Visitor: 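Sending over a structure as structure tokens; questions will come in a sec.
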Amino acid sequence: MTTFGYLLPTRGIIFSSTSNAELTARASADVVGLARQAEALGYGAVWVGDSVLAKPRLEPLVTLAAVAAATDAIELGTAVYLPALRHPVHVAHVTATLDQLSGGRLSLGVGVGVRPPEREEMEQLGVDYERRGATLNEALAVVSNLWEGEPVDHDGERYELDGASIGFEPARAPGIYVASAAFSPSEGFPPTVRRRLAAHGDGWLPIAMAPEEYAAGLERIRELLAEAGRPRNAVDPAYYVDVVLADSEAAAVEEAREFYRAYYGQQVAYGSKRSLSDDEIRRRGAFGPVDEVERRLAEYVEAGVERFVVRFPAADQREQLRAFASVADAL
């Protein structure tokens, strides 16, 4: 069964608010309120993004704690969280706490950051950008061990622990979704990503990938799992997709372009200072009338996607959320 989650606008309310008072009001109405609306409409999950300095937004795990208190059963996820920006003991502690308080609703999508602002962010926080992949892998090993509730000894490249324990376990160990689109049909995944997927991947959550690339990447992941002695179906096939519903594809693409310009600032085209082309925007998702969006997403379902994380790069989040519910029902 295909499930759909909604990415809450924890950054959108920052760049579109004109005063601190407006931001305060929208943090409740346009984050917690939209989470409630998503649950009422039948969405399976709400997700939040992460950044400390590069793309200012509400802190993700604090936000999800507020959402957990305001909802009943909808799942909570990060798309994606950057563990390398924090010490893994803190990551294990806060995620286990959130999972306990929410009754076991947390999924942890993780990534490393690849754009120039993320490099600057890591430098500010004392993280080696060139070693970010290895740092994430080591952090995930520490977090996973701490989630077991027992004292942990660890002597790694970046972290050292001697009998460290957070003292309790999550309600259930949150699923770790590896957010990597770094896949080549001819060369596969980079070595650090292969190790991450094989050792820690409970799900795969790429973005901006053609359906045929997704299918090839998913098959390679299943081979990696088998080589690691894990079941081939141990990874939940997820996909992060941008969607704008409009009367025409051209109108939807143009609305997305305006959103990206505000969201990413000048660095909108994969690190350059030019706008995304129409083709680059289309590669990120599904744009246009309902039937066109349904057709496009069906291609990803055919490629193996079972869970969508949907972001609406549009001004009217409520209308997009409501209108897309019919698309989700059709798929």
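All of these numbers come straight from a predicted model, not from anything done at the bench.
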Visitor: Taking the side chain as C-beta and beyond, is there a heavy-atom pair between Val110 and Leu82 under 4.5 Å?
Guide: no

Visitor: With a 4.5 Å cut-off on side-chain heavy atoms, are Asp202 and Leu108 touching?
Guide: no

Visitor: Determine whether a donor-acceptor pair (N or O, by modelled atom type, separation under 3.5 Å) exists between the side chain of Glu121 and the backbone of Ser51.
Guide: no

Visitor: Can you list the residues that meet the salt bridge (Lys or Arg N to Asp or Glu O under 4.0 Å) rule with Arg307, with sequence neighbours excluded?
Guide: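 Once residues adjacent in sequence are excluded, the partners of Arg307 under the salt bridge (Lys or Arg N to Asp or Glu O under 4.0 Å) criterion are Glu75, Asp236.
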
Visitor: I'd like to know if the side chain of Arg119 reaches the main chain of Pro116, judged simply by a donor and an acceptor atom lying under 3.5 Å from each other, with no hydrogens or angles considered.
Guide: no

Visitor: Would you give the length of the straight line joining atom CG of Leu225 to atom CG of Asn233, rounded to the nearest 0.5 angstrom?
Guide: 8.5 Å

Visitor: At what distance, to the nearest 0.5 angstrom, does CD of Glu160 lie from CG of Asp155?
Guide: 5.0 Å

Visitor: Consider only side-chain N and O atoms of Glu150 and Ser165, and report whether a donor and an acceptor are under 3.5 Å apart.
Guide: no

Visitor: Leu297 and Tyr43: same hydrophobic cluster, using ILVMFWY side-chain contacts below 4.5 Å?
Guide: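 Shared cluster, yes.
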
Visitor: What verdict does the salt bridge (charged side-chain N to carboxylate O under 4.0 Å, His left out) test give for Arg295 and Glu299, after you've listed the backbone C-alpha separation in whole Å, the side-chain angles of each residue and the deciding distance to 0.1 Å?
Guide: CA-CA 7 Å; Arg295 182 197 64 77; Glu299 293 177 354; 2.5 Å; yes

Visitor: Any heavy-atom pair between the side chains of His200 and Arg195 that's under 4.5 Å?
Guide: no

Visitor: To the nearest 0.5 angstrom, please state how far the NE2 atom of His154 sits from the CG atom of Asn145.
Guide: 8.5 Å

Visitor: Judged by atom type as modelled, is there a donor-acceptor pair below 3.5 Å linking the side chain of Tyr239 to the main-chain atoms of Met209?
Guide: yes

Visitor: Please test Arg36 against Glu39 for salt bridge (charged side-chain N to carboxylate O under 4.0 Å, His left out), starting from the C-alpha separation and ending with a verdict.
Guide: CA-CA 5 Å; Arg36 289 197 192 103; Glu39 183 168 54; over 6 Å; no

Visitor: Do you know which two heavy atoms are closest between Ile176 and Ser144, and how far apart they sit?
Guide: CD1-OG, 4.0 Å

Visitor: Could you tell me the separation between the CG atom of Leu245 and the CD atom of Glu294, rounded to the nearest 0.5 Å?
Guide: 9.0 Å

Visitor: Where do Val143 and Pro88 come nearest, in terms of heavy atoms and distance?
Guide: CG2-O, 3.5 Å

Visitor: Between Leu41 and Gln37, is any pair of side-chain heavy atoms under 4.5 Å apart?
Guide: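 Leu41 reaches Gln37 side chain to side chain.
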
Visitor: Tell me which pairs pass salt bridge (charged side-chain N to carboxylate O under 4.0 Å, His left out) where either residue lies in residues 12-23, with sequence neighbours left out.
Guide: Glu22-Arg26

Visitor: Does Gln317 use its side chain to pair, donor to acceptor, with the backbone of Leu34 at less than 3.5 Å?
Guide: no

Visitor: With heavy-atom distances below 4.5 Å as the criterion, would you say the side chains of Asp153 and Leu161 are in contact?
Guide: no

Visitor: Taking side-chain contact (heavy atoms from CB on, under 4.5 Å) as the test, write out the residues that go with Ala210, two or more places apart.
Guide: Glu212, Glu213, Arg283

Visitor: With ring centroids as reference points, do Tyr6 and Phe312 lie under 6.0 angstrom apart?
Guide: yes

Visitor: Taking side-chain contact (heavy atoms from CB on, under 4.5 Å) as the definition, give me every residue that meets it alongside Ala252, ordered by chain and number, with sequence neighbours left out.
Guide: Val244, Ala246, Phe287

Visitor: Just to verify, what does Val178 make a side-chain contact (heavy atoms from CB on, under 4.5 Å) with, not counting sequence neighbours?
Guide: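 Per chain and number, Val178 pairs via side-chain contact (heavy atoms from CB on, under 4.5 Å) with Ser180, Arg196, Leu197.
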
Visitor: Taking side-chain contact (heavy atoms from CB on, under 4.5 Å) as the test, write out the residues that go with Ala65, two or more places apart.
Guide: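 So Ala65 forms a side-chain contact (heavy atoms from CB on, under 4.5 Å) with Leu98.
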
Visitor: State plainly whether one hydrophobic cluster holds both Val152 and Tyr159, where clusters connect Ile, Leu, Val, Met, Phe, Trp and Tyr through side-chain heavy atoms under 4.5 angstrom apart.
Guide: no

Visitor: Between Leu136 and Arg132, is any pair of side-chain heavy atoms under 4.5 Å apart?
Guide: no

Visitor: By the salt bridge (charged side-chain N to carboxylate O under 4.0 Å, His left out) test, which pairs, at least two apart or in different chains, include something from residues 322-331?
Guide: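 Those involving residues 322-331 are Glu319-Arg322.
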
Visitor: My understanding is that only residues two or more places apart in sequence, or in another chain, count here; which of them pass salt bridge (Lys or Arg N to Asp or Glu O under 4.0 Å) with Glu157?
Guide: Arg131

Visitor: What residues, two or more places apart in sequence or in another chain, satisfy salt bridge (Lys or Arg N to Asp or Glu O under 4.0 Å) together with Glu187?
Guide: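 Salt bridge (Lys or Arg N to Asp or Glu O under 4.0 Å) check on Glu187 returns nothing, list empty.
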
Visitor: Spell out, as yes or no, whether a donor-acceptor pair under 3.5 Å connects the side chain of Ser326 to the backbone of Ala323.
Guide: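 It does hold such a pair.
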
Visitor: Starting at OG1 of Thr95, measure out to CD1 of Ile166 and round the result to the nearest 0.5 Å.
Guide: 7.0 Å

Visitor: Taking the six-membered ring of Tyr260, is the NZ or CZ of Arg257 close enough (under 6.0 Å from the centre) and on axis enough (within 45°)?
Guide: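 No, cation not above the ring by the 6.0 Å, 45° rule.
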
Visitor: Ignoring hydrogens and geometry, is there a side-chain-to-backbone donor-acceptor pair from Ser28 to Ala25 under 3.5 Å?
Guide: no

Visitor: Could you tell me which non-hydrogen atom of Ala256 sits nearest to which non-hydrogen atom of Ile281, and how far apart they are?
Guide: CB-CG2, 4.1 Å

Visitor: State plainly whether one hydrophobic cluster holds both Ile207 and Leu205, where clusters connect Ile, Leu, Val, Met, Phe, Trp and Tyr through side-chain heavy atoms under 4.5 angstrom apart.
Guide: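 Yes; tracing contacts between hydrophobic side chains, which count when under 4.5 Å, links both residues.
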
Visitor: Between Glu292 and Arg296, is there a salt bridge with N-O shorter than 4.0 Å?
Guide: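 No salt bridge links Arg296 with Glu292.
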
Visitor: Check for a donor-acceptor pair, side chain of Tyr177 on one end and backbone N or O of Val235 on the other, with a separation under 3.5 Å.
Guide: no

Visitor: Apply ring pair (Phe, Tyr, Trp, His ring centres under 6.0 Å) to residues Tyr81 and Trp47 and explain how you reach the verdict.
Guide: CA-CA 10 Å; Tyr81 191 63; Trp47 300 74; over 10 Å; no

Visitor: Under 4.5 Å between any side-chain heavy atoms of Asp242 and Phe259, yes or no?
Guide: no

Visitor: Do Val62 and Leu106 share a hydrophobic cluster (ILVMFWY, side-chain heavy atoms under 4.5 Å, transitive)?
Guide: no

Visitor: Determine which pairs satisfy side-chain hydrogen bond (donor to acceptor under 3.5 Å, both in side chains) with at least one residue from residues 98-113, sequence neighbours left out, and list them in order.
Guide: Thr71-Arg105

Visitor: Please check if the side chain of Tyr240 supplies one atom and the backbone of Ala179 the other of a donor-acceptor pair under 3.5 Å.
Guide: no

Visitor: For Phe324 and Phe4, I'd like to know if the aromatic rings sit close, meaning centre-to-centre distance below 6.0 Å.
Guide: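 Aromatic pair counts; centres sit under 6.0 Å.
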
Visitor: Same cluster for Phe168 and Leu61 if Ile/Leu/Val/Met/Phe/Trp/Tyr side chains link at under 4.5 Å?
Guide: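 Looking at the clustering, Leu61 is in a separate group from Phe168.
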
Visitor: Any sub-3.5 Å donor-acceptor pair from Arg11's side-chain atoms to Tyr264's backbone N or O?
Guide: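 Such a contact is absent between Arg11 side chain and Tyr264 backbone.
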
Visitor: Look up atom CG in Leu321 and atom CG in Asp316, then write down how far apart they are to the nearest 0.5 Å.
Guide: 10.0 Å

Visitor: Give a yes or no on whether Asp247 atom CG has more than 12 heavy-atom contacts from other residues, nucleotides or ligands under 6.0 Å away.
Guide: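 Not more than 12 within 6.0 Å, no.
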
Visitor: Give the table of side-chain donor-acceptor pairs shorter than 3.5 Å for residues 216-223, with sequence neighbours excluded, one pair per line with atom names and distance.
Guide:
from   : atom 1 : to     : atom 2 : distance (Å)
Glu219 : OE1    : Arg232 : NH2    : 3.3
Glu219 : OE2    : Arg232 : NH2    : 3.1
Arg220 : NH1    : Glu223 : OE1    : 3.0
Arg220 : NH1    : Glu227 : OE2    : 3.4

Visitor: Among residues two or more places apart or on two chains, list those pairs meeting salt bridge (charged side-chain N to carboxylate O under 4.0 Å, His left out) that have a residue in residues 42-71.
Guide: Asp50-Arg86, Lys55-Glu118, Glu59-Arg86

Visitor: How far apart are the closest heavy atoms of Arg158 and Gly126, and which atoms are they?
Guide: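 Answer, listing the atom of Arg158 first, then Gly126: NH2-O, 3.5 Å.
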
Visitor: Are the side chains of Val243 and Arg311 in touch, meaning some heavy atoms are under 4.5 Å apart?
Guide: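 Side-chain contact under 4.5 Å: no.
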
